[in-house]
Amino acid sequence: MKKKYLLISAALCLLGPVLLKVDSYFPHIPEYMMALLTGLMIGAAVLFFLKSGGGILSKILVTVYTVLFAVVTIQGVYCNPYWNTYMNTEMEYVDILGQTLSYREAEKDIDYLMHYLKKDHPMFIDGVPEDVQQACEKAVQELKDEETITGIMLYRKVQNIVSVLGDAHTSGGVTQKMRHYLKDMHQKEKDGYQITAVNGIGLKELFREKEDLYCYETESRALSRMATDLITLEGLEFLDIDPDQVRYTFRNDTGEEKEAVYGTADFIPYEEYEAADVSDQDADEKPFVSYRIDVPGSLAILTLNECKNSEEYRTCLQEMFTEVKAENIRNVAVDLRENGGGNSMVANEFIRYLDVDTYKTGTHSWRRGPFTVGGGDGVCQNNIHSDLVFDGEVFVLTSADTFSSAMLFSEFIKDNHLGRIIGQPPGNAPSGYGEIAIFQLPNSKLYVQISTKKFMRADEKTEDKLVTPDILCDADKALETLYGEIGVPFG
């Protein structure tokens, strides 16, 4: 009898951590099931006390064992921002065009969104902000008044709610690969044309009408997101623009304008659209990191399009700085203009080649359910590559698409006076929110990403809300401006 209750207690306790691991790959386990499991753990321990007739030592061991695993299970669900998230597995996607939902399904999706905002976002630690609550109630009521609720309509309401936060990392979305793109947009861009108006409405005017659909900290970032929506079928529906007959105005660098009218049939799936974008050099996928050395200009340019602190990145850095030393290069630039973020450690790895013992990275507080956990003193000891240390001029090229960890890269360089920034301000603020957890709404299958950390800037004394470049210019002119700054002919 003693062994029976001991085995039951042990099995229930082990089941908690097993389910925590399972949820990281199959995130559909309700929280109440884990709370119930914890109750069963405690119940089994009580039964062991009452029925087993065990000695004091076995009772102490079962108590410690049960408390330990109960704490692990509860912490893993309620204090872990990644519970039920899609961080390690592919999400299930549906074609949002033509999708319809019942009011109850849509309401449950919004409830699901609000639950995880309240659980994980630092801004909700003391409850739901009043303006968010009002936006939520308005969205639910508007859905209730609709005869038919579409997936696109729910997507708009999700954005109406989360855009109130002013947090560029917290947003709803439709995966890029489920979209249909304007078939000849690649060719238009190659010919130097960009969209300046849709149906006769300029982009800035259109944005003023639609800004509650976007989560942003810089308007340039939001305009960039809207520009992408304007060339997709799903994006036009999202913006409530009829895709059956949409009139685009294009303009090139010389001011020449063209107009063209497109219909639904002119939008092609993502795979076809990507296949049509053949590089002038070759059709192979471009590496996320590369460099080139301009020996006559005494310039090395590292192009980093994704923040991946991988072996490939570290090897690329080492090879570049080896050549920089061998050729006595005096200027190093990092091009982050197309970098949307990733792992912030890429900046730390780069700084290892600079002649600085310590540098500031800022602090953060991390939401852990009902608690927040601090992020240290914000000072990093630099483990310098002493054999390849670089003491020349450092530049970073940025744009509105320089986002998240790429923004942090530019922040670390600027706030520690390690180099100069050229281009446009990055797409989010250094004192803001990030470190996202990704969820999928159960009925519509829309995804939402929610910030779990609040970041404080490295230079806490600055009044600058953005990482404002030392040399402001259009992002597409940043490289030319760099050459002018170091006094070398461009091209």
Side-chain angles (χ1 to χ4, degrees), residues 289-305 307-337 339 343-362 377-398 402 405-423 426 430 457-462 464 467-473 478-490:
V289 61
S290 61
Y291 74 91
R292 66 182 178 88
I293 304 285
D294 179 353
V295 176
S298 194
L299 174 65
I301 301 174
L302 178 76
T303 301
L304 183 61
N305 292 330
C307 290
K308 291 170 62 175
N309 190 28
S310 63
E311 186 63 32
E312 182 181 355
Y313 170 68
R314 293 188 290 272
T315 299
C316 185
L317 275 183
Q318 185 177 40
E319 291 175 353
M320 183 185 77
F321 278 107
T322 298
E323 287 192 46
V324 163
K325 182 177 181 179
E327 299 290 350
N328 194 30
I329 301 297
R330 301 309 304 154
N331 302 282
V332 169
V334 185
D335 190 345
L336 301 177
R337 289 176 294 173
N339 193 317
N343 188 335
S344 63
M345 290 303 294
V346 295
N348 304 75
E349 186 64 29
F350 178 85
I351 294 172
R352 291 184 65 193
Y353 291 90
L354 305 184
D355 190 14
V356 55
D357 294 326
T358 63
Y359 57 96
K360 296 178 292 184
T361 59
D377 61 4
V379 177
C380 186
Q381 297 291 325
N382 194 23
N383 183 19
I384 300 173
H385 285 289
S386 55
D387 55 333
L388 292 175
V389 67
F390 176 73
D391 61 359
E393 293 291 320
V394 174
F395 301 89
V396 178
L397 312 185
T398 58
T402 304
S405 291
M407 178 280 297
L408 290 176
F409 196 127
S410 62
E411 174 197 343
F412 294 172
I413 296 298
K414 182 178 176 67
D415 285 7
N416 289 282
H417 310 290
L418 300 176
R420 286 178 284 171
I421 314 299
I422 299 176
R457 186 168 183 166
D459 182 2
E460 69 279 0
K461 295 180 181 179
T462 183
D464 192 355
V467 181
T468 303
D470 301 279
I471 305 169
L472 279 164
C473 65
L479 190 57
E480 182 179 349
T481 303
L482 167 64
Y483 270 86
E485 188 64 22
I486 64 175
V488 176
F490 178 63

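Just so it is clear, the values below take in all heavy atoms, side chains as well, and ignore hydrogens, waters and symmetry mates.
The two residues I413 and R420 have their closest heavy-atom pair at CG2-N, 4.5 Å. Here the closest heavy-atom approach between residue P469 and residue G423 is recorded as CG-O, 3.3 Å. Residues V396 and S410 approach most closely at CG1-CB, 4.2 Å, considering heavy atoms. Here the closest non-hydrogen pair linking K414 and D470 is NZ-OD1, 3.2 Å. Closest non-hydrogen pair, V346 versus Y313, comes out as O-OH, 2.7 Å. Taking every heavy atom of both residues into account, L299 and I329 meet most closely at N-CG2, 3.6 Å.
In this structure a side-chain-to-backbone donor-acceptor pair under 3.5 Å is present from S298 to R330. Side-chain atoms of N331 never come within 3.5 Å of backbone atoms of A333 as a donor-acceptor pair (strictly under, hydrogens ignored). Between the side chain of R352 and the backbone N or O of N383 there is at least one donor-acceptor pair closer than 3.5 Å. Checking side-chain atoms of E411 against main-chain N and O of A458 turns up a donor-acceptor pair under 3.5 Å. The closest donor-acceptor contact from the side chain of N416 to the backbone of K360 lies under 3.5 Å. Within the 3.5 Å criterion, the main-chain N or O of D464 finds a donor-acceptor partner in the side chain of R457. The closest donor-acceptor contact from the side chain of N339 to the backbone of L304 lies under 3.5 Å. Formation of a donor-acceptor pair under 3.5 Å by the D391 side chain with backbone atoms of D355 is not found in this model.
Residues F409 and T398 have side chains not in contact (no heavy-atom distance under 4.5 Å, counting atoms from C-beta outward). Counting heavy atoms from C-beta on, the side chains of R314 and N309 come closer than 4.5 Å. The side-chain heavy atoms of E393 and I486, taken from C-beta on, include no pair separated by under 4.5 Å.
Environment of CG in D387: crowded, with over 12 heavy atoms of neighbouring residues, nucleotides or ligands closer than 6.0 Å. Heavy-atom contacts from other residues, nucleotides or ligands closer than 6.0 Å to CD of Q318 number 12 or fewer.
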Working note: H385 + L317, criterion side-chain contact (heavy atoms from CB on, under 4.5 Å); need CA distance, chi angles, decisive distance, verdict. CA-CA 11 Å; H385 285 289; L317 275 183; over 6 Å; no
Begin with the C-alpha distance, continue with both residues' side-chain angles, and end with the deciding distance and a verdict on side-chain contact (heavy atoms from CB on, under 4.5 Å) for L302 and V289. CA-CA 7 Å; L302 178 76; V289 61; 3.8 Å; yes
Intermediate values then yes/no, side-chain contact (heavy atoms from CB on, under 4.5 Å), V394 and L418: CA-CA 7 Å; V394 174; L418 300 176; 5.8 Å; no
Give the C-alpha distance, both sets of side-chain angles, the deciding distance and a yes or no for side-chain contact (heavy atoms from CB on, under 4.5 Å) between D335 and L479. CA-CA 8 Å; D335 190 345; L479 190 57; 5.7 Å; no
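Below 30°, between 30° and 60°, or above 60°: for F321 and Y353 the angle between ring planes is below 30°, a parallel geometry.
Inspection of the Y359 and D415 side chains reveals no N or O donor paired with an N or O acceptor under 3.5 Å.
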